[in-house]
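Since the structure comes first, as structure tokens, the remarks are kept for the end.
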Protein chains: 2
Amino acid sequence: MTINENKRPRGRPRGFALGAAVEAGQHLFHEHGYENVSVAALTEAIGITPPSFYAAFGSKAAFFKETLRLYSATVVPLDRFLTPGAAPMAALGDMLRAAAHAYTTSPQRRGCLILEHAKAGTTDWGIAAKQIAGENRSRVAQFLDDAEIKASGRVADYVATTMLGLSAAAREGWDQPRLLAVADTAAEALLCRSALEE
Amino acid sequence: MTINENKRPRGRPRGFALGAAVEAGQHLFHEHGYENVSVAALTEAIGITPPSFYAAFGSKAAFFKETLRLYSATVVPLDRFLTPGAAPMAALGDMLRAAAHAYTTSPQRRGCLILEHAKAGTTDWGIAAKQIAGENRSRVAQFLDDAEIKASGRVADYVATTMLGLSAAAREGWDQPRLLAVADTAAEALLCRSALEE
DNA sequence: TATTTTCGTTAATGGTCATTACACAACCGC
DNA sequence: GCGGTTGTGTAATGACCATTAACGAAAATA
């Protein structure tokens, strides 16, 4: 809850909606990548000028972290798939298929905003993305541990790598059926593996 | 054979070796990415000044394509694994393991130079990387077709996505055992799948 | 209405970038 | 030696970038 819109400060009220601004920025960052989106492009998309932008968000990097928060809260909610009761491998397969679907629904904004920014070396915005990606990976491992799956870390790494691959393939322009077929193949592999281990 | 070093042109001879320059540039591009390597950094690493660079290579993008050619010719030679006689799925598994190994051998230069540059939208250097990646993918599909594997395209896409994921995970900093375990898991999945289809 | 507080706009600041005139230096055939 | 040809170094060019003073405008409280 870093953005608070329901207060009533004393001076002149802001002339634009914070939420809509973050959403517009999220779309731009997702389509072109952090480094290829200039502050001028952001302010033009929002409909304001640079000083308003800096007064509201502090910096381009801070604004980007805001868009990361919005993205991880709205797109691909992991908890929808990692419900404690479900069959573990089937749940992971559904998650992969959902990712393949989400990564290709918008012709712009392909792939995963978080994963595609989790490689930038030591920039603070890259670290922020890397941290969210790591948290989600831990959640998958914890889910597998709770389901008493052997080698939970290994399976979690396999799923994480597959999602990285799906995101990268989506950014390369693969269409939705193609990506869904890959997700299906990986999902079958998970079931096949769990069958062998029993 | 775009670079010819054994001629004897008329004017003043070049004061540096083209091959060494391309190799130095390949290392820089691999470590930091095309956009994060300035011409100043390139010329300093080579030991020359910008005019010499432009006289020899024409532009930063053209020089990058040269490094791509060198990379695809030296690292990960596909034909070593896609030999017509071998067991197809085992060969693909070996290829994945070799990729996991190659992507993590140098602490700098993680991942695949080609795959990591095959996402940039419509820049000419991104298109060049995308084209090489596509050619290699076609070679895998052809290999599977020749081995009379059902759904060769689907399997080739799965392998390509896995390599994309391995490259991205390597860039995120995963260590070699972790990446090799993922490659093993994917390799087992390929064998498991082919066993089911019979 | 007077005061306060915050907003928005214009226009700059300092930085980095890829690329290139220009002048000089080194090699060829003669 | 000499003219033609080509590489190299110094120093600039123009473009774009993130960020910020300075100032006028608008709204809320009193």
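Note that these values count all heavy atoms, side chains included, but never hydrogens, waters or copies made by symmetry. Letters A, B, ... mirror the listed sequences (proteins, then strands); counts begin at 1.
A:F16 places its CZ atom 14 Å from the C1' atom of C:dT9, with the value rounded to the nearest Å. The CG-C1' distance, from B:N36 to C:dT16, rounds to 13 Å in whole Å. Straight-line distance from the CZ atom of B:F57 to the P atom of C:dA18: 15 Å, rounded to whole Å. When the C1' atom of C:dG29 is taken as reference, atom CZ of B:R12 falls 19 Å away, rounded to whole Å. Atom C1' of nucleotide C:dT19 and atom CZ of B:F64 are separated by 19 Å, given to the nearest angstrom.
Across every non-hydrogen atom of A:L180 and A:A100, the tightest pair is CD2-CB, 3.9 Å. The two residues B:A45 and B:L28 come nearest to each other via the heavy atoms CB-CD1, 3.7 Å. B:V159 approaches B:L190 most closely through the heavy-atom pair CG2-CD1, 4.2 Å. Of all non-hydrogen atoms in A:E116 and A:S167, the two that sit nearest each other are OE2-OG, 2.7 Å. Taking both residues in full, the closest heavy atoms of A:A99 and A:M163 are given as CB-CE, 3.6 Å, listed atom of the first, atom of the second, then distance.
Both tests pass for A:K60 against the ring of A:Y34: distance under 6.0 Å to the centre and angle within 45° of the axis.
At a threshold of 4.5 Å between non-hydrogen side-chain atoms, the residues B:K65 and B:R69 count as touching.
Closest to the side chain of B:R14, from the set D:dA18, D:dT8, D:dA27, is D:dT8. Each of D:dA27, D:dA18, C:dG8 was ranked by its minimum atom distance to the side chain of A:P13; first place goes to D:dA27.
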Donor-acceptor contacts, no H, no angles, side chain residues 75-97 of chain B, under 3.5 Å, sequence neighbours left out:
from, atom 1, to, atom 2, distance (Å)
B:D79, OD1, B:R139, NH1, 2.9
B:D79, OD2, B:R139, NH1, 2.9
B:D94, OD1, B:R97, NH2, 3.4
B:R97, NH1, B:D184, OD1, 2.6

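Within residues 122-129 of chain A, no residue has any heavy atom under 4.0 Å from DNA chain D. Contacts between residues 44-56 of chain A and DNA chain C, defined by a heavy-atom separation under 4.0 Å, are made by A:T49, A:P51, A:S52.
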